[in-house]
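All values below were derived from every heavy atom in this structure, side-chain atoms included, with hydrogens, water molecules and symmetry-related copies excluded. Note on naming: letters A, B, ... go to the chains in the order of the sequence lines (proteins, then strands), and numbering restarts at 1 for each one. Quantities reported herein were computed from a predicted structural model and do not represent experimental measurements.
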Amino acid sequence: AQSVAQPEDQVNVAEGNPLTVKCTYSVSGNPYLFWYVQYPNRGLQFLLKYITGDNLVKGSYGFEAEFNKSQTSFHLKKPSALVSDSALYFCAVREYNFNKFYFGSGTKLNVKP
Amino acid sequence: DSGVTQTPKHLITATGQRVTLRCSPRSGDLSVYWYQQSLDQGLQFLIQYYNGEERAKGNILERFSAQQFPDLHSELNLSSLELGDSALYFCASSVDRTDNEQFFGPGTRLTVL
């Protein structure tokens with residue numbers, strides 16, 4: 001079955017430290033991969049996507065993600081976390097040639113001063 | 001502001017009733033997506049329309065239906081409402097039907113009493 005897993009419900013990191021939010025996926029065929037962020041009482045906002053090409057994708061607000069086909073992972077990273085990065089992060093996958101979207105359960109990122 | 005508008009912002013109704021949620025996509029976007037976000041189910045993809053036609057169907061119940069009108073706005077109809085239908089319903093839009101990022105509206109919070 002197609003799915004997206006975010007193994008951590010919550011990630012805590014100190015401001016200025018690097019952060020990683022993990023995502024693994026299971027789909028048939030080539031995936032389209034996305035990261036979205038949700039702030040309290042707001043809709044989701046697009047951060048970045050991987051369709052093809054370079055495995056390291058750079059996105060909004062200094063975030064980047066690395067696509068690893070052998071590990072079927074698409075982890076979100078940022079070299080230096082900000083308190084304002086605190087939010088709920090969702091990984092999503094769309095199958096090539098298919099149109100359904102699958103979202104992970106979300107990871108709450110807490111960045112402490 | 002994503003450019004996607006949803007009305008109403010809040011909706012409170014009783015079990016067995018029927019409601020209609022409305023979404024206006026960003027100017028120029030042809031695809032509209034509907035999602036349900038609840039605490040126990042997470043973010044679930046319901047359905048996608050592209051230029052007036054159904055494009056993909058996710059975990060949408062038979063009691064739910066949607067349509068996209070010639071002016072590209074969309075409506076999600078929920079009928080025979082149950083307590084478990086209480087959730088945040090998001091609409092999103094994108095330029096086309098494939099791999100472009102989605103822009104999410106602020107959501108409609110439905111409470112079924």
Side-chain angles (χ1 to χ4, degrees), chain A residues 1-10 23 25 27 29-53 57-61 63 65 67 74 76 87-108, chain B residues 1-7 9-10 21 23-26 29-51 53-60 66 68 87-109:
Chain A
Q2 286 67 253
S3 70
V4 180
Q6 293 181 242
E8 301 155 317
D9 291 335
Q10 186 165 301
C23 171
Y25 64 90
V27 296
N30 295 321
Y32 293 167
L33 296 157
F34 302 81
W35 275 100
Y36 287 85
V37 59
Q38 185 179 28
Y39 296 99
N41 301 314
R42 301 283 296 276
L44 278 70
Q45 295 178 32
F46 169 79
L47 280 179
L48 50 79
K49 68 179 179 183
Y50 172 84
I51 305 300
T52 186
V57 178
K58 294 189 182 296
S60 306
Y61 312 119
F63 283 94
F67 171 63
F74 190 56
L76 181 70
L88 189 57
Y89 290 80
F90 289 93
C91 179
V93 63
R94 180 176 185 152
E95 294 177 290
Y96 180 74
N97 276 343
F98 296 91
N99 300 304
K100 294 184 181 181
F101 273 89
Y102 301 94
F103 278 78
S105 55
T107 298
K108 185 176 181 182
Chain B
D1 184 2
S2 67
V4 178
T5 60
Q6 289 187 249
T7 57
K9 191 172 183 178
H10 300 280
L21 312 183
C23 168
S24 292
R26 290 189 322 156
D29 284 359
L30 298 179
S31 271
V32 170
Y33 308 77
W34 285 99
Y35 293 88
Q36 178 193 59
Q37 186 178 34
S38 60
L39 286 175
D40 57 342
Q41 298 273 353
L43 191 62
Q44 299 283 325
F45 166 68
L46 296 178
I47 197 164
Q48 177 200 0
Y49 278 83
Y50 173 74
N51 204 20
E53 295 190 0
E54 184 182 304
R55 178 70 181 162
K57 188 175 276 191
N59 300 324
I60 188 167
Q68 186 179 28
L88 196 53
Y89 290 83
F90 286 109
C91 167
S93 72
S94 67
V95 170
D96 59 20
R97 59 186 178 186
T98 57
D99 62 350
N100 279 296
E101 59 266 33
Q102 298 173 35
F103 294 84
F104 282 74
T108 293
R109 183 168 295 280

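- Counting non-hydrogen atoms of neighbouring residues, nucleotides and ligands closer than 6.0 angstrom, the CD atom of A:Gln10 exceeds 12 such neighbours.
- Taking CD of B:Gln44 as the reference point, atom OH of A:Tyr102 lies at 10.5 Å (rounded to 0.5 Å).
- In B:Arg26, the CZ atom is crowded: over 12 heavy atoms of neighbouring residues, nucleotides or ligands sit closer than 6.0 Å.
- A distance of 5.5 Å separates OH of A:Tyr36 from CZ of B:Phe104, quoted to the nearest 0.5 Å.
- In this structure, B:Gln37 CD and A:Phe90 CZ are separated by 5.0 Å, a value rounded to the nearest 0.5 Å.
- Between B:Phe103 atom CZ and A:Phe46 atom CZ the span is 7.5 Å, to the nearest 0.5 Å.
- Using a 4.5 Å cut-off on side-chain heavy atoms (C-beta onward), A:Phe34 and B:Gln102 make no contact.
- For A:Gln38, the part lying under 4.5 angstrom from a heavy atom of chain B is the side chain only.
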